[in-house]
Amino acid sequence: MNQKNLVLIHDGGLIANSSFELRQCLITVGRSPKNDLMVPHQTVSRCHAELTVKNDTLFVRDLGSRNGTYIAGKLVQFGFVLDGQSVRFADVDFLLTVGELAKSESFSAETASLKPAIKVATNETTPIEISKAEVKVLKAAQEGLSEKEIALRLHLSPHTVHHHMSAIYAKYEVHSRAELLAKLLKRAEFKKS
């Protein structure tokens with residue numbers, strides 16, 4: 001049975017999974033491996049922030065970090081993060097979304113077919129076409145691979161992968177991988193309801 005979850009999405013390639021499901025509890029964020037969410041970036045403090053999840057709400061508290069915590073681009077000591085808002089720990093951005101996760105299938109429901117052009121609905125009425133090559137790139141991106149890693153896995157040039165990602169962003173009318181993941185998670189939630 002699927003339930004709604006708060007999900008932090010990161011598209012910078014620092015974290016093995018590009019999405020992190022937030023449970024109803026206290027979650028620590030920082031550079032140290034002792035944290036629940038380890039963010040291995042030099043600008044992130046060892047113990048950077050705490051996230052508290054309660055009743056589908058995310059509350060963030062900075063732990064006196066050196067480079068700050070930001071909600072929707074504003075430096076904060078503490079505050080609530082709303083669905084669709086960004087939260088940044090120093091120089092590392094995340095996007096908060098509410099979605100339904102089922103065994104890491106955030107993209108597979110959208111890209112299961114391997115026809116040359118795959119129609120994917122981004123909302124109730126607007127299907128878009130995704131090529132077979134774009135499907136492969138999209139699946140690898142879901143795993144949190146950087147464009148260089150996708151190129152190595154698929155035996156493509158980094159330029160070709162970048163071109164595919166740019167085309168995917170344009171088709172979905174987004175500007176980053178985080179926005180793309182959020183849109184696909186919401187679409188998966190719509191399909192299940």
Side-chain angles (χ1 to χ4, degrees), residues 4-101 106-107 122-123 138 141-150 162 165-190:
K4 289 187 179 180
N5 298 285
L6 292 177
V7 181
L8 277 181
I9 299 173
H10 169 68
D11 71 348
L14 288 173
I15 299 167
N17 275 332
S18 56
S19 60
F20 185 81
E21 184 178 345
L22 303 176
R23 303 280 183 190
Q24 301 269 346
C25 64
L26 180 71
I27 298 158
T28 58
V29 178
R31 198 175 68 241
S32 167
K34 294 179 181 178
N35 290 288
D36 301 306
L37 175 53
M38 182 181 147
V39 183
H41 192 271
Q42 68 271 15
T43 62
V44 175
S45 296
R46 278 187 230 128
C47 296
H48 196 99
E50 286 180 344
L51 310 178
T52 305
V53 180
K54 189 171 182 180
N55 300 328
D56 296 330
T57 303
L58 176 62
F59 179 77
V60 176
R61 184 169 71 91
D62 187 86
L63 296 175
S65 66
R66 180 179 182 130
N67 294 310
T69 299
Y70 300 79
I71 297 174
K74 182 179 177 186
L75 179 65
V76 298
Q77 290 300 311
F78 54 86
F80 291 97
V81 185
L82 304 176
D83 182 20
Q85 282 189 321
S86 66
V87 58
R88 189 172 89 226
F89 308 108
D91 292 342
V92 183
D93 284 304
F94 289 83
L95 182 75
L96 181 71
T97 188
V98 178
E100 291 185 18
L101 296 180
S106 51
F107 281 53
T122 55
N123 61 39
L138 196 57
Q142 180 223 353
E143 294 176 29
L145 299 179
S146 69
E147 289 186 4
K148 287 181 182 178
E149 291 169 326
I150 294 169
H162 183 73
M165 288 302 297
S166 296
I168 292 165
Y169 291 167
K171 290 175 181 183
Y172 278 93
E173 298 178 348
V174 297
H175 302 287
S176 71
R177 194 180 301 193
E179 287 181 76
L180 177 65
L181 290 170
K183 200 164 206 176
L184 289 174
L185 279 171
K186 286 182 181 182
R187 176 58 192 154
E189 179 182 355
F190 168 76

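Below, each value reflects all heavy atoms present in this structure, side chains not excepted, and no hydrogens, waters or symmetry copies. Here, residue 1 is the first one in the sequence, and each next residue gets the next number.
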Give, for atom CG of D93 and atom OG of S176, the distance between the pair rounded to the nearest 0.5 Å.
-> 8.5 Å
Audit row: I27, V53, side-chain contact (heavy atoms from CB on, under 4.5 Å) steps and yes/no | CA-CA 8 Å; I27 298 158; V53 180; 4.1 Å; yes
Side chains of L58 and L51: does their closest heavy-atom pair fall under 4.5 Å?
-> yes
E50 side chain near V60 side chain, heavy-atom distance below 4.5 Å = no
Quick one: closest heavy-atom pair of P40 and R31, and the distance?
-> CA-CG, 4.2 Å
Closest non-hydrogen atoms of H48 and G68, given as atom of the first, atom of the second and distance, are NE2-O, 2.9 Å
About how many Å separate CG of L95 and CG of L180, when rounded to the nearest 0.5 Å?
-> 11.0 Å
Show your reasoning for whether side-chain contact (heavy atoms from CB on, under 4.5 Å) applies to D62 and L75.
-> CA-CA 10 Å; D62 187 86; L75 179 65; over 6 Å; no
Say whether, by atom type as modelled, one donor and one acceptor occur between the side chain of S45 and the main chain of R66 under 3.5 angstrom.
-> yes
Correct closest heavy-atom pair for F80 and T57 would be CD2-CG2, 3.4 Å
CG of D36 to CG of L26: how many Å apart, nearest 0.5 Å?
-> 7.5 Å
Any side-chain heavy-atom pair of V81 and L8 under 4.5 Å | no
Identify the heavy atoms of A90 and T43 that sit nearest to each other, and give their distance.
-> CB-O, 3.0 Å
To the nearest 0.5 Å, what is the distance between CD (Q77) and OG (S65)?
-> 7.5 Å
Any side-chain heavy atom of T69 sitting closer than 4.5 Å to one from V29?
-> no
Does some side-chain heavy atom of Y169 sit less than 4.5 Å from a side-chain heavy atom of R177?
-> yes
First locate atom CG of N35, then atom CZ of R46, and finally report the distance between them rounded to the nearest 0.5 Å.
-> 11.0 Å
Which residue pairs pass the side-chain hydrogen bond (donor to acceptor under 3.5 Å, both in side chains) test with at least one member in residues 79-92, sequence neighbours excluded?
-> none
Crowded around F78 CZ? As in, over 12 foreign heavy atoms under 6.0 Å?
-> no
